[in-house]
Protein chains: 4
Amino acid sequence: MNDQRGRPGRKRSEESRRAILTAAAELTAEVGYASLTIEGIAARSGAGKQTIYRWWPSKADVLLDALATKADLHIPIPDEGTYEADLRAFLAATFALGSRPQVVELLRALMAEAQINAAFGERFREMFLAQRRAALGTIVERAVARGELPSGLTSQTVIDIVFGTLWYRVLAAHRPVDQALIDELVTVLTTRRQS
Amino acid sequence: MNDQRGRPGRKRSEESRRAILTAAAELTAEVGYASLTIEGIAARSGAGKQTIYRWWPSKADVLLDALATKADLHIPIPDEGTYEADLRAFLAATFALGSRPQVVELLRALMAEAQINAAFGERFREMFLAQRRAALGTIVERAVARGELPSGLTSQTVIDIVFGTLWYRVLAAHRPVDQALIDELVTVLTTRRQS
Amino acid sequence: MNDQRGRPGRKRSEESRRAILTAAAELTAEVGYASLTIEGIAARSGAGKQTIYRWWPSKADVLLDALATKADLHIPIPDEGTYEADLRAFLAATFALGSRPQVVELLRALMAEAQINAAFGERFREMFLAQRRAALGTIVERAVARGELPSGLTSQTVIDIVFGTLWYRVLAAHRPVDQALIDELVTVLTTRRQS
Amino acid sequence: MNDQRGRPGRKRSEESRRAILTAAAELTAEVGYASLTIEGIAARSGAGKQTIYRWWPSKADVLLDALATKADLHIPIPDEGTYEADLRAFLAATFALGSRPQVVELLRALMAEAQINAAFGERFREMFLAQRRAALGTIVERAVARGELPSGLTSQTVIDIVFGTLWYRVLAAHRPVDQALIDELVTVLTTRRQS
DNA sequence: GAATAAACGAGACGGTACGTCCGGTCTTCAT
DNA sequence: ATGAAGACCGGACGTACCGTCTCGTTTATTC
């Protein structure tokens, strides 16, 4: 990826990169995404503006990178044996993540930016949303293979419903995702129906 | 509301108001929300900037007002006799609305702004989202009264799932709401379960 | 002047006029001429902006009017019997006026405006400067008639030198006109020379 | 003065500086000082507004700089041997300058601004007026040393009378400084008196 | 080791839009 | 017809950031 093979010249400074990502995350928490500026990130991190523009196309991309760098945000793909248990485990992991206000704020900002800036939207969808969909997709496909999915439901729709409901609570309702919601979602998406 | 009784001074110009709302809507369609500016709206509408700032706190509020002024966006509360039919009718109406690209673009922009600007978020939730929730709420409450709601499902969760899935398709998936999704949503949210 | 004979409609309010002139003078003293605005005068005086625009073409004209209304600013034309005594009396009267800071401030502002706004400059010259020149002119002409003027000096130049020096101290030197200056001016402009 | 030794960052653009000063001078000549705007200067010079604000506190300071940059405005200190000849030479040089309408307009505007804006007034007095006073001061001091000054006249008063009369003609009388005035001034300020 | 080349902090640059202020005009209702 | 109130269009203000462009300096690779 970062094709540094034998190129002359100074190497990218990992120190600067970290300082920039940290400054961006802190500033977002302190002043909010709307008041976050490239100049502010540069000033806080001690980097020059050009250094930021050299490596990221926008402030949203800096934050997306900062998010991706947080290793602990990884949501594992559970394998509990049954579709219901897997789904419940997946939702519980997501729920845990949702209880960290700073992360939630970041996600709201990035989703917003994705609506306004089409190019970033593309990157956000590919680098973030698609990965989450893939994780849940694995679980649902397993259920399909086992015949556990309720009839009349495609796996894509299950995924849309799960993520849609979670995002809606964050974006529109401003209510945290809670245990009750998880229970109801699992109920709706798993229980077999009468003919 | 606009208590003009016997107040001295010139009255608010309805002509300017219309010109501003129209210009804002047109410009959003032409250049996109990100490139929409108050100055641009003023120039296009022939109004002074101050006139815009006097009546709306931000460009998003202008668009929200423009949206509210479009009478044809009203979603009726159907009463077809059964919960399933009502829900299907409600979704069909929403689906029809979603097939108008300009409206969808507007909604995406407003939802984005609501994430970034907390004060506008409050207004957007109260003046737009709450009304839609109330409409669907009426339908669902009727179902509850009739005992048609699947057990283990609260009416608020039904609403979250419905709007969540619709918004998710618009915001994250960039896939239009289609008939297949409607069918699956209705299936999931109506069918009685085996004990 | 104010030809109100038999005109229909409400008469000009003397109360408003006074309030406006007072407010303008006070505001100039409080915030300075640069920060004086028509809106400010209207607000302070309780008048509408239109009322001010109806009767004065600019804020400088309001102040010029306020100045003219101050009756005590009148400089009498002395007649002491000799040119030297007259000149000294005239300068003493002007000197007394120059010791009132507010008046000096006003004069500085009006002279400044006269440079920047040609139309007002014309009015200022005619309504203020010309009157002062005429007063001193009477004195000097009397001296000419008596043969008291030093040879090689025209009356216009005497006037230019007197007012020039006084204004210069106010505008450029920021030093008050004092007794020493008066003495020296009198000396220069009266003493007969050796052939 | 401009201590650029080893400072990091891009250097100030001399090209921009020149373009701004030229544009300001031209615009003043074309539309007058009252209609001169920072935005206009920026537009005409091709510079950004911020570049102007970075280096000059007001439009008057831009003009003062433009004036100072005009090398040909320098008034030499003559040394003709006698006070009278020196004074006459100094006045002739000033008179020549006064016959350039653009320069006179500029001086009127700056003197006006100096009345209205106290901070600029200070700069104008120090950077322009004081230099002229110093030049004439040299001449007059020489006369004092030689005992050529009329008795009862201090050197400061001579300077006040000279500059006062010149400025008054420009500011108040709107009559150019002419040869007759020079002659009369020299007469008044040099001739010995009868006891 | 010298030359070359890239990245770095710093900061000036041309731009664009911001939100505010005020100018001068125009209703509106009351006197 | 005047007057107070206040909305209107217009234009400039001074500021904040954008994204780009020098600068001088530091660090690496190649000759």
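Convention: sequence-line order gives letters A, B, ...; per-chain numbering from 1. Values in this document were obtained by computation on a predicted structure and should not be read as measured data.
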Could you check A:Asp65 against A:Thr69 for side chain to side chain contact (heavy atoms under 4.5 Å, CB included), going step by step and ending with a plain yes or no?
CA-CA 6 Å; A:Asp65 198 346; A:Thr69 300; 3.4 Å; yes

Is there a side chain to side chain contact (heavy atoms under 4.5 Å, CB included) between A:Trp56 and A:Ile20? Walk through the geometry before answering.
CA-CA 11 Å; A:Trp56 295 276; A:Ile20 289 165; 3.7 Å; yes

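Note: CD (D:Glu15) to P (F:dC23) measures 12 Å, nearest angstrom. A straight line from CD1 of A:Ile20 to P of E:dA7 spans 13 Å, rounded to a whole angstrom. The interatomic distance linking D:Lys11 (NZ) with F:dT22 (P) rounds to 13 Å, in whole Å. Taking atom CG on A:Asn117 and atom C1' on F:dC18, their separation rounds to 14 Å, with Å as the unit. Across the protein-nucleic acid pair, A:Arg54 atom CZ and E:dG9 atom P stand 8 Å apart, rounded to whole Å. Atom pair C:Ile52:CD1 and F:dG6:P shows a separation of 15 Å (rounding to whole Å applied). Rounded to an integer number of Å, the gap from A:Glu39 CD to E:dC18 P is 18 Å. For the pair D:Ile41 CD1 and F:dG14 P, the computed distance is 11 Å after rounding to whole Å.
Side-chain N/O atoms of D:Ser13 include none lying less than 4.0 angstrom from OP1 or OP2 on E:dA12. Under 4.0 angstrom from either OP1 or OP2 of E:dG14 there lies at least one side-chain N or O belonging to D:Ser16. At the phosphate of E:dA12, neither OP1 nor OP2 sits under 4.0 Å from any side-chain N or O atom of D:Thr51. Within the 4.0 Å cut-off from OP1 or OP2 of F:dG3, at least one side-chain nitrogen or oxygen of C:Trp55 is found.
Within residues 42-49 of chain C, the residues that place at least one heavy atom under 4.0 Å from DNA chain F are, in residue-number order, C:Gly46, C:Ala47, C:Gly48.
Taking every side-chain heavy atom of A:Pro8 into account, F:dT29 is the closest of E:dG23, F:dT29, E:dC13. Checking F:dC8, F:dC18, F:dC13 against every side-chain atom of D:Ile38, the shortest atom distance belongs to F:dC13.
Map C:Ser35 and B:Pro57 each onto its nearest nucleotide of DNA chain E; the residue landing nearer the 5' end is B:Pro57.
Classification of B:Glu122 and B:Arg125 as a salt-bridged pair holds, one side-chain N sitting under 4.0 Å from a carboxylate O.
Going from atom CD1 of B:Ile41 over to atom CD1 of B:Ile52 covers 5.5 Å, rounded to the nearest 0.5 Å. Rounded to the nearest 0.5 Å, atoms NZ (D:Lys59) and CG (D:Leu36) are 5.0 Å apart.
Figure legend: cation-pi geometry between A:Arg17 and A:Trp55 absent, as NZ or CZ is not positioned both under 6.0 Å from the six-membered ring centre and within 45° of its axis.
Residue D:Arg10 places a side-chain atom within donor-acceptor reach of the base of F:dC21, judged by atom type and a 3.5 Å distance cut-off alone. Judged by atom type and distance alone, C:Gln50 does not reach the base of F:dA4 through any side-chain donor-acceptor pair under 3.5 Å.
Under the 3.5 Å distance criterion, with hydrogens and angles disregarded, no donor-acceptor pair is assigned to the side chains of A:Gln115 and B:Tyr33.
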